[in-house]
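The sequence lines fix the lettering, A, B, ..., with proteins before strands; numbering per chain opens at 1.
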Amino acid sequence: MNLQQSKFEYLLRLGDSSLIIGHRLSEWCGHGPILEEDIALINIALDFVGNATELLTYAGQVEGKGRDADDLAYMRDEREYRNLLITEQPNGDYAATIARQFLFDTYMFFLYEELKLSKDETIAAIAVKTHKEITYHLRHTTEWMYRLGDGPAESHQRLQNGINDLWMFTSEMFDMDEVDALLIKEGIAPDFNNVKAEWEKRVKEVLVEATIEIPTTTFKQRGSKEGKHSEHLGFLLAEMQYVHRAHPDAKW
Amino acid sequence: MEDAKQIEAFEAKIVSGVKIEPKDWMPEAYRKQLIRMMSQHAHSEIVGMLPEGNWITRAPNLRRKAILLAKVQDEAGHGLYLYSATETLGIDRTELLEQLHSGKAKYSSIFNYPTLTWADIGAIGWLVDGAAIMNQTALARGSYGPYSRAMVRICKEESFHNRQGYEIMMHLAQGTAEQKAMAQDAFNRWWWPSIMMLGPSDDKSPNSDQLMRWKVKMESNDAIRQRFIDRTVPQADFIGLTVPDKDLKFNEETGHYEHGPINWDEFFEVIKGNGPCNAKRLKDRKDADIKGRWVREAALAYAKKRAKEKEVA
């Protein structure tokens with residue numbers, strides 16, 4: 001892969017993760033545990049969709065084949081999607097959603113902190129804006145980690161289950177391949193070892209304070225970089241894309 | 001027994017245009033009526049999130065998805081704002097929600113209709129929010145301070161929602177044959193319910209002169225309905241959609257449109273709970289409440305624990 005192809009691939013990884021987790025959060029709309037959380041979740045979903053739109057727009061420009069963000073979001077199949085497996089996992093109960101958001105928000109917080117320094121000006125500019133947003137998201141999810149974890153037995157157990165169930169999807173967040181290697185060399189993307197160290201430290205701190213045990217499982221799921229997803233993604237995309245695909249000539 | 005002098009002073013205030021504020025004396029009937037109206041309005045906002053939220057995951061492009069998310073977030077914000085405004089009358093949100101869940105409190109009948117295609121999202125913004133604005137701009141001149149101020153703010157956002165709905169319809173009406181058909185179909189289904197949502201006709205509406213005098217109600221249902229129709233029909237013409245009313249005609253003398261007979265039987269059936277989605281809407285709200293109970297309890301327990309720790313420290 002040359003630099004252009006690698007950049008395109010990298011932008012899909014970032015953009016798809018935001019789009020898919022934004023989709024999952026938007027599923028909560030009208031069904032949240034309290035009205036304030038409905039507002040927060042919709043707001044966060046909106047940030048993710050906005051972030052995805054910026055990244056996929058730029059991906060299309062980098063690719064240079066005339067595809068825009070909608071083409072990339074609506075016209076690719078499961079195997080072409082590059083979102084992290086954790087982002088497509090179903091919402092479950094509120095604790096599972098908070099666990100997923102906490103693990104992913106923390107990752108995104110440290111990743112985008114590094115991306116702000118990217119030598120690619122567009123990526124750096126998107127990262128500056130996104131990092132401001134993700135700072136708020138992370139504060140929101142971290143507070144809920146404390147509330148649910150250090151709360152009554154039921155909520156504590158539900159959160160522990162959520163963390164346990166999702167843990168196997170966390171290690172692929174830091175996988176690196178030839179795309180990363182090239183972009184690291186060019187100063188465009190960060191070394192995931194740095195992100196991983198920061199992530200592990202923060203996650204540990206919060207889990208300890210939330211009285212949640214750190215899972216010891218060594219079972220890992222990976223595959224998103226090659227478009228190998230869990231079975232959930234196909235259904236999600238079927239729902240997301242069907243109107244757009246049913247009317248190929250339409251403008252909306 | 002309410003003091004005649006108190007009522008006199010209260011009414012004098014209203015006549016002179018001074019707003020009634022939460023700590024001011026007010027007749028019990030006034031308080032009750034406002035709680036009923038304001039909470040019904042708040043409930044409508046949050047139940048209304050369901051038919052619209054139904055299409056967020058299927059929005060046809062990213063721009064439409066973002067706009068719809070922002071719109072539904074606004075509706076949730078209106079709900080929160082209105083519940084808070086209602087709380088100034090001495091009732092709390094938990095109790096108001098219990099009234100919703102038990103079926104004691106109502107919400108706008110319109111949200112008991114299903115959103116079947118993407119065009120329904122356009123129709124809701126254009127027609128439902130359009131009708132709501134007609135009602136709410138009148139209520140912004142009402143006598144109760146917190147409610148009238150809420151209406152001013154909410155109307156600003158609603159007029160944006162109304163325009164985005166019309167813009168969706170315009171795109172569809174100018175689009176492919178399938179899109180045009182989708183727009184007309186949505187218009188056919190939402191037109192009459194939108195007209196009905198403004199309430200029963202004046203001869204069937206139990207409005208007392210008292211509510212008008214107290215500026216709780218500002219205009220009659222039929223007057224608001226007429227304004228909505230006069231405004232909306234030319235908008236439909238402009239984008240080439242046909243109003244699904246074969247009796248509709250413009251009266252040159254009065255300068256108003258005259259509509260055909262309204263199916264009030266349907267309206268009262270929906271109000272009674274027999275609309276296509278009454279059961280589903282209420283079930284969704286109740287399920288969210290039940291599934292969220294442990295979350296709210298955890299948040300409360302954590303807050304108490306923290307407060308105690310602070311005390312000790």
Side-chain angles (χ1 to χ4, degrees), chain A residues 19 22-43 45-47 49-50 52-53 56-57 68-70 72-74 93-95 98 143-144 146-152 154-156 158-159 236 239-244 246-252, chain B residues 42 45-70 72-77 79-80 83 93 97 117-118 168 171-172 174-176 178-179 182 281 284-285 287-289 291-303 305-306:
Chain A
L19 182 60
H23 182 105
R24 281 292 185 222
L25 284 175
S26 76
E27 291 172 349
W28 273 104
C29 178
H31 307 280
I34 188 167
L35 188 51
E36 283 82 348
E37 280 308 287
D38 259 315
I39 296 176
L41 295 179
I42 303 168
N43 197 359
L46 180 57
D47 282 346
V49 170
T53 305
L56 294 179
T57 299
D68 64 13
D70 286 331
L72 290 170
Y74 287 90
D93 62 15
Y94 203 64
I98 290 296
E143 281 169 7
W144 276 103
Y146 297 146
R147 283 187 197 112
L148 300 183
D150 196 13
E154 182 183 1
S155 81
H156 173 84
R158 283 174 184 266
L159 185 63
L236 187 157
E239 182 174 342
M240 184 175 92
Q241 298 177 335
Y242 105 87
V243 178
H244 188 94
H247 302 270
D249 304 322
K251 300 265 180 294
W252 302 95
Chain B
E45 299 280 0
I46 61 160
V47 175
M49 291 167 68
L50 297 168
E52 295 195 273
N54 190 26
W55 279 90
I56 290 174
T57 54
R58 294 176 291 173
N61 66 26
L62 294 172
R63 175 172 172 266
R64 291 293 176 200
K65 191 188 286 288
I67 293 173
L68 185 55
L69 276 165
V72 178
Q73 192 195 340
D74 282 352
E75 311 293 8
L80 190 58
Y83 282 125
R93 202 201 314 176
L97 287 173
T117 71
W118 168 250
I168 289 176
H171 270 79
L172 295 174
Q174 294 166 355
T176 64
E178 288 86 359
Q179 284 177 303
M182 197 191 278
R281 300 290 183 246
D284 281 352
R285 285 311 320 163
D287 282 352
D289 187 63
K291 282 184 191 152
R293 192 167 294 152
W294 67 267
V295 181
R296 296 189 299 274
E297 282 169 7
L300 218 61
Y302 183 75
K305 193 169 167 180
R306 277 289 143 115

(request) Considering only heavy atoms and a distance below 4.5 Å, find which of A:Pro152, A:Ser26, A:Ala45, A:Ala73 pairs most often with chain B. (result) A:Pro152
(request) Fit a plane to each ring of B:Tyr302 and A:Tyr146, take the angle between them on a 0 to 90° scale, and name the class: parallel (under 30°), tilted (30 to 60°) or perpendicular (over 60°). (result) parallel
(request) Taking the side chain as every heavy atom from C-beta outward, state whether A:Trp252 and B:Gln179 have any pair of such atoms under 4.5 Å apart. (result) yes
(message) For A:Ala52, which atoms come within 4.5 Å of any heavy atom of chain B: side chain, backbone, both, or neither?
(response) neither
(message) I'd like to know which of A:Glu239, A:Arg158, A:Lys251, A:His23 tops the heavy-atom pair count under 4.5 Å against chain B.
(response) A:Arg158
(message) I'd like to verify something: which residue of A:Asp249, A:Val49, A:Leu35 has the highest number of heavy-atom pairs under 4.5 Å with chain B?
(response) A:Leu35
(request) Select one option (side chain, backbone, both, neither) describing which atoms of B:Thr57 are under 4.5 Å from chain A's heavy atoms. (result) both
(message) For A:His31, give me all partners under ring pair (Phe, Tyr, Trp, His ring centres under 6.0 Å), at least two apart in sequence or on another chain.
(response) none
(message) So which residue, A:Val243, A:Asp38, A:Asp70, ends up with the most heavy-atom pairs under 4.5 Å with chain B?
(response) A:Asp70
(request) Under 4.5 Å heavy-atom distance to chain B, tell me which part of A:Trp144 shows up: side chain, backbone, both or neither. (result) side chain
(request) Flag the one option from A:Leu19, A:Leu236, A:Leu41, A:Thr53 with the top tally of heavy-atom pairs under 4.5 Å to chain B. (result) A:Thr53
(request) Tell me, for B:Lys291 versus chain A, whether the close heavy atoms (under 4.5 Å) come from the side chain, the backbone, both or neither. (result) neither
(message) Please classify the contact of B:Ile46 with chain A as side chain, backbone, both or neither, using a heavy-atom distance under 4.5 Å.
(response) side chain
(request) May I ask you to decide if the ring planes of A:His244 and A:Tyr74 are parallel, tilted or perpendicular, using 30° and 60° as cut-offs? (result) parallel
(request) Check whether any side-chain heavy atom of B:Trp118 sits under 4.5 Å from a side-chain heavy atom of B:Leu68, and report yes or no. (result) yes
(request) For A:Leu46 and B:Ala66, work out which heavy atoms get closest and say how close. (result) CD1-O, 3.3 Å
(message) Whether B:Asp289 and B:Arg285 form a salt bridge (side-chain N of Lys/Arg under 4.0 Å from carboxylate O of Asp/Glu) is what I want to check.
(response) no
(message) At a heavy-atom distance under 4.5 Å, which candidate from B:Leu50, B:Leu80, B:Ile56 has the highest pair count against chain A?
(response) B:Leu80
(request) Return the option, out of B:His171, B:Gln174, B:Lys305, B:Arg58, with the maximum number of heavy-atom pairs under 4.5 Å with chain A. (result) B:Arg58
(message) If I compare all heavy atoms of B:Ala288 with all of A:Gly32, which pair ends up nearest, and what's the gap?
(response) CB-O, 3.9 Å
(message) Test of understanding: with ring pair (Phe, Tyr, Trp, His ring centres under 6.0 Å), list the residues that count as partners of B:Trp294, not counting sequence neighbours.
(response) none
(message) So for A:Ala250, is it side chain, backbone, both, or neither that comes closer than 4.5 Å to the heavy atoms of chain B?
(response) both
(request) Under 4.5 Å heavy-atom distance to chain A, tell me which part of B:Arg64 shows up: side chain, backbone, both or neither. (result) side chain
(request) Could you have a look at B:Ala303, B:Pro60, B:Gly77 and say which one has the most heavy-atom pairs with chain A under 4.5 angstrom? (result) B:Pro60
(message) Is B:Arg93 in contact with chain A via its backbone, its side chain, both, or neither, using a 4.5 Å heavy-atom distance?
(response) side chain
(message) Which atoms of A:Arg24 are under 4.5 Å from chain B, going by heavy atoms: the side chain, the backbone, both sets, or neither?
(response) neither
(message) When you measure from the side chain of B:Arg296 to the backbone of A:Pro33, do you find a donor-acceptor pair of N or O atoms at a distance under 3.5 Å?
(response) yes
(message) One thing to verify: whether A:Glu37 and A:Arg147 come together as a salt bridge, which I'm taking to mean a side-chain N less than 4.0 angstrom from a carboxylate O.
(response) no
(request) With a 4.5 angstrom heavy-atom cut-off, could you sort out which part of B:Gln73 is near chain A: side chain, backbone, both or neither? (result) both
(request) Name the region of B:Ala301, side chain, backbone, both or neither, that has any atom closer than 4.5 Å to a heavy atom of chain A. (result) side chain
(message) Quick check on the interface: out of A:Asp93, A:Ile34, A:Ile42, who has the most heavy-atom pairs with chain B under 4.5 Å?
(response) A:Ile42
(message) Main chain of A:Asp150, side chain of A:His156: is a donor-acceptor contact present, judged purely on distance under 3.5 Å?
(response) no
